[in-house]
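See below for the structure under consideration.
Since we're looking at a predicted model, the values are computed, not measured.
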Amino acid sequence: MKHLSLIRRIAVCLGAGLALVFGSAASNVYAADMIPVRVGLANASSDVGFFIADKKGYFKQEGLLVSYTPFDSAAKMVAPLGAGQIEVGAGSPSVGLYNAIARGIEIKIVADKGSTPPGYGYQPLLVRKDLIDSGRYKSLKDLKGMKIAGSAPGSGSTSTMNEALKKGGLKPADVERVFLAFPQHVLALQNKAVDAALTTEPSATKAVQSGAAVRVMGDDEIYPNHQLAVVLYSGNFIKKNPDAAKRFMRAYLRAVRDYNDALKGGKLAGPNAEDVISILTEYTNVKDPAVYRAISVQGCSPDGTVDVPSLKNDLAFFKSEGLVKGEVSVDQALDTSFAAAAAKELGPYKRKK
């Protein structure tokens with residue numbers, strides 16, 4: 001009986017070992033079958049859709065192995081997208097994008113990533129607190145002569161600034177523009193290297209909480225329904241792997257719908273909010289959940305729909321600045337087929353209550 005018991009124990013161990021070997025082999029085969037997708041991010045809270053899709057396994061369920069590369073702005077993603085070094089980009093539709101398209105480089109705006117419907121001003125105008133306290137700044141016309149930080153020349157933030165200046169009766173030449181990555185805006189305001197900034201969340205709230213700046217106006221007031229951030233596909237991704245491009249969009253929109261479930265009154269205060277905040281603190285450099293409870297967040301269409309009039313307004317501004325080299329239109333930059341197909345497959349969005 002002792003021998004029989006020993007044999008049984010050996011058989012159990014062998015079975016467990018074989019299961020481990022075969023399980024590991026199956027896992028390796030599964031990993032090998034996964035399609036790699038490289039995504040460029042601008043380190044803004046509007047990247048949340050990608051983080052949710054990754055954390056909840058939506059990309060993996062679509063057979064995609066997604067990796068992220070940070071960039072200071074979407075403008076700097078254009079060259080890697082054109083060269084096929086990344087498949088997906090995420091950020092502001094920039095002059096660099098339109099100039100690349102004018103040169104025949106195939107990059108497409110495929111979905112909404114962040115916009116500013118009323119109540120959702122996630123790239124506010126910040127002014128240094130000491131300039132408010134001293135009375136140097138009282139209204140938009142007082143921006144004249146100030147150093148104002150934005151993300152990059154020819155980015156969406158420059159168009160927002162133009163709209164703010166117009167409301168104050170000013171022109172771009174009336175201010176000095178300084179271009180820094182959004183997280184650097186906080187330090188620049190603290191060090192008085194700039195007077196004001198158009199800064200996306202969570203950097204904007206961090207600047208206010210530090211005592212360095214005051215939020216004087218949301219960009220939803222400055223430029224309502226501005227298509228401030230988009231999802232971009234490289235031409236190679238669209239042409240060489242359209243099935244993976246479709247799968248990516250389906251996973252992304254599933255995540256965006258989860259994000260919409262977390263929204264309430266321009267804040268992360270909806271039914272799904274704590275789940276989304278937990279993901280943001282895991283995937284970003286801001287580890288304090290209280291920051292995400294305080295920020296003003298972006299709007300994002302659950303169907304991935306982009307605001308075309310806003311894109312056209314931005315392009316007209318870029319052209320007026322003499323930044324666009326060659327003939328190009330917004331229609332040339334758009335491919336809404338992936339978002340439309342994914343939204344149809346997912347069905348109408350029904351918000352959680």
Side-chain angles (χ1 to χ4, degrees), residues 39-53 73-74 88-94 109-126 150-151 155-157 159-161 163-164 181-183 185 197-208 215 217-232 252-270 272-273 275-277 279-281 283-284 286 291-311 314 339 349 351:
V39 181
L41 300 180
N43 293 315
S45 61
S46 60
D47 294 327
V48 65
F50 301 112
F51 301 149
I52 293 171
S73 71
V88 179
S92 168
S94 65
I109 295 170
V110 294
D112 175 24
K113 189 175 85 86
S115 56
T116 61
Y120 290 85
Y122 78 110
Q123 185 184 251
L125 174 64
L126 307 179
S151 62
S155 66
S157 69
S159 186
T160 304
M161 187 184 69
E163 296 298 321
F182 290 123
H185 290 194
L198 281 161
T199 307
T200 58
E201 296 285 15
S203 298
T205 290
K206 288 183 72 177
V208 172
R215 179 189 174 105
M217 187 175 290
D219 55 337
D220 58 322
E221 302 170 76
I222 297 168
Y223 191 168
N225 300 308
H226 187 193
Q227 189 62 63
L228 193 53
V230 295
V231 179
L232 302 166
Y252 172 70
L253 287 190
R254 283 181 68 189
V256 166
R257 292 179 177 205
D258 288 348
Y259 168 74
N260 273 269
D261 288 340
L263 301 181
K264 183 179 179 181
K267 302 285 186 181
L268 288 172
N272 204 29
D275 189 22
V276 170
I277 289 169
I279 291 170
L280 281 166
T281 56
Y283 280 78
T284 70
V286 179
V291 172
Y292 285 111
R293 295 187 187 105
I295 67 172
S296 296
V297 294
Q298 76 279 2
C300 194
S301 166
D303 293 334
T305 307
V306 298
D307 191 286
V308 176
S310 163
L311 293 175
D314 286 358
Y349 168 62
R351 181 179 169 81

If you look at every heavy atom in [X] and [Y], which pair is closest and at what distance?
{"X": "Pro93", "Y": "Leu311", "value": "CG-CD2, 3.6 Å"}
{"X": "Asp112", "Y": "Gly299", "value": "OD2-O, 4.2 Å"}
{"X": "Ser151", "Y": "Phe182", "value": "CB-CZ, 3.4 Å"}
{"X": "Ala207", "Y": "Leu126", "value": "CB-CD1, 3.9 Å"}
{"X": "Pro202", "Y": "Val286", "value": "CG-CG2, 3.6 Å"}
{"X": "Ala262", "Y": "Val276", "value": "CB-CG2, 3.7 Å"}

Supply the atom-to-atom distance [X] [atom1] to [Y] [atom2], rounded to the nearest 0.5 angstrom.
{"X": "Leu280", "Y": "Leu268", "atom1": "CG", "atom2": "CG", "answer": "6.5 Å"}
{"X": "Thr284", "Y": "Tyr292", "atom1": "OG1", "atom2": "OH", "answer": "2.5 Å"}
{"X": "Tyr252", "Y": "Tyr259", "atom1": "OH", "atom2": "OH", "answer": "9.5 Å"}
{"X": "Met161", "Y": "Ile222", "atom1": "CE", "atom2": "CD1", "answer": "11.0 Å"}
{"X": "Thr116", "Y": "Gln298", "atom1": "OG1", "atom2": "CD", "answer": "11.0 Å"}
{"X": "Leu228", "Y": "Asp220", "atom1": "CG", "atom2": "CG", "answer": "11.5 Å"}

Revision key, fill the gap. For Tyr122, the ring-ring contact (aromatic ring centres under 6.0 Å, His included) test, sequence neighbours excluded, returns none

Exercise for review: Report yes or no: do Ser157 and Ser155 form a side-chain donor-acceptor pair below 3.5 Å?
Suggested key: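 There is such a pair (donor and acceptor under 3.5 Å, judged by atom type) between the side chains of Ser157 and Ser155.
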
**Study point:** Plane angle bin for Tyr223 and His226 - parallel if under 30°, tilted between 30 and 60°, otherwise perpendicular
**Key:**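 Parallel, since the angle between the ring planes stays under 30°.
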
Measuring only between side-chain heavy atoms, which start at C-beta, is [X] closer than 4.5 Å to [Y]?
{"X": "Asn225", "Y": "Pro118", "answer": "yes"}
{"X": "Val306", "Y": "Lys113", "answer": "no"}
{"X": "Ile109", "Y": "Leu232", "answer": "yes"}
{"X": "Lys267", "Y": "Ser296", "answer": "yes"}
{"X": "Val256", "Y": "Tyr349", "answer": "no"}

Review point. So, Arg351 side chain and Asn260 main chain: donor-acceptor pair closer than 3.5 Å or not?
Key: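 Such a contact is found between Arg351 side chain and Asn260 backbone.
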
Practice item. Without swapping roles, check the side chain of Asp314 against the backbone of Gly156 for a donor-acceptor pair under 3.5 Å. Key: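 Not at all, since once roles are kept as given, no pair shorter than 3.5 Å links the two residues.
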
Check your understanding: Can you list the residues that meet the side chain to side chain donor-acceptor pair (under 3.5 Å) rule with Ser115, with sequence neighbours excluded?
Key -> none

Exercise for review: Under the salt bridge (Lys or Arg N to Asp or Glu O under 4.0 Å) rule, collect the residues that match up with Arg215, sequence neighbours excluded.
Suggested key: Glu201

Practice item. Would you check, one step at a time, whether the test side-chain contact (heavy atoms from CB on, under 4.5 Å) holds for Asp47 with Tyr283? Key: CA-CA 10 Å; Asp47 294 327; Tyr283 280 78; over 6 Å; no

